[in-house]
Amino acid sequence: MNYFDIHTHIRKVDSEISSVLSILPGDSIPEGYYSVGLHPWFVYESNFEEQLELVREKALGDNCVAIGECGLDRLTFSKSGGSVVGDKALALQLGEELQKKVFEGHIEIANFAKKPLIIHCVRAFPELLIARKSIKTTTPWIIHGFRGSQEIANALTGAGVLLSFGKSILSEYASNFKVREIFKELPADSILLESDNVDKISCEICNIYRAAAEIKGISIDKLQNIIQNNINNNLYLDGMIRKQKQ
Ligand SMILES: [Zn+2]
């Protein structure tokens, strides 16, 4: 495979592309590589336990290469805690607690299945870093669709977390100057690439590789090698994360 898309919601069938389809706990197991997790947008008090059970079952599939997407999203804390009618502050607090609890559930499943986590994080990086330090975690963490600051990128990579980049590094995005600069300086062993596609017409992983190679000032071949190494070292393929092979 020449291009490896570590996170998409719709699989493009192309012999040049290998992709990890992100599925929700209730979805059926697809053909090919997938990751399974309860997205923070869909975390509710009423059913999160059942949903985590479904994640746990599907996490053991041979083609399940990672757990996620899961994580923390500050913009939806109040939605997750929304059962508290009329008290926004309390809903926010309860939503944050609930999303953290569900995220911890995913960390535990990842440890159990020996698979990495693919993480969605919006305006909650301090909380994520605290979780990274305080909860026992034995598998790689990958932040998908990274668009944070340089400071956050440093803190995450310093803690051994990988960063996956998508559309935001394409030159047609006007506000991407900073993220391209951050991507340029990141060590080769901490980057991954993704399309995060939700429909068939959205952007191509090949374009993201092209932009990434250009920003790094290296050939596409070299970039493909770097990404393939990172895939081998961090995703669960052929029954293991290859770097853990003894
Ligand atoms: Zn996604």
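Whatever order the structure lists ligands and atoms in, that order sets their numbers, starting from 1.
For Glu69, the N, O or S atom closest to the Zn ion (ligand 1) goes by the atom name OE2. If you look at Asp196 and ask which of its N, O or S atoms sits nearest the Zn ion (ligand 1), the answer is OD1. Restricting His9 to its N, O or S atoms, the one at the least distance from the Zn ion (ligand 1) is NE2.
The Zn ion (ligand 1) does not have His120 among its coordinating residues (no N/O/S atom, backbone or side chain, under 2.8 Å). The Zn ion (ligand 1) has His7 among its coordinating residues (N/O/S atom, backbone or side chain, under 2.8 Å).
Summarising the local packing, CD of Gln150 is surrounded by more than 12 heavy atoms from other residues, nucleotides or ligands at distances under 6.0 Å. Under a cut-off of 6.0 angstrom, the local environment of CG in Asp62 is sparse, with at most 12 non-hydrogen atoms contributed by other residues, nucleotides or ligands.
There is a side-chain donor-acceptor pair under 3.5 Å between Glu16 and Asn2. For the residue pair Thr138 and Asn111, a side-chain donor N or O sits within less than 3.5 Å of a side-chain acceptor on the partner.
We find the CD1-CZ distance between Ile231 and Phe4 to be 4.5 Å, quoted to the nearest 0.5 Å.
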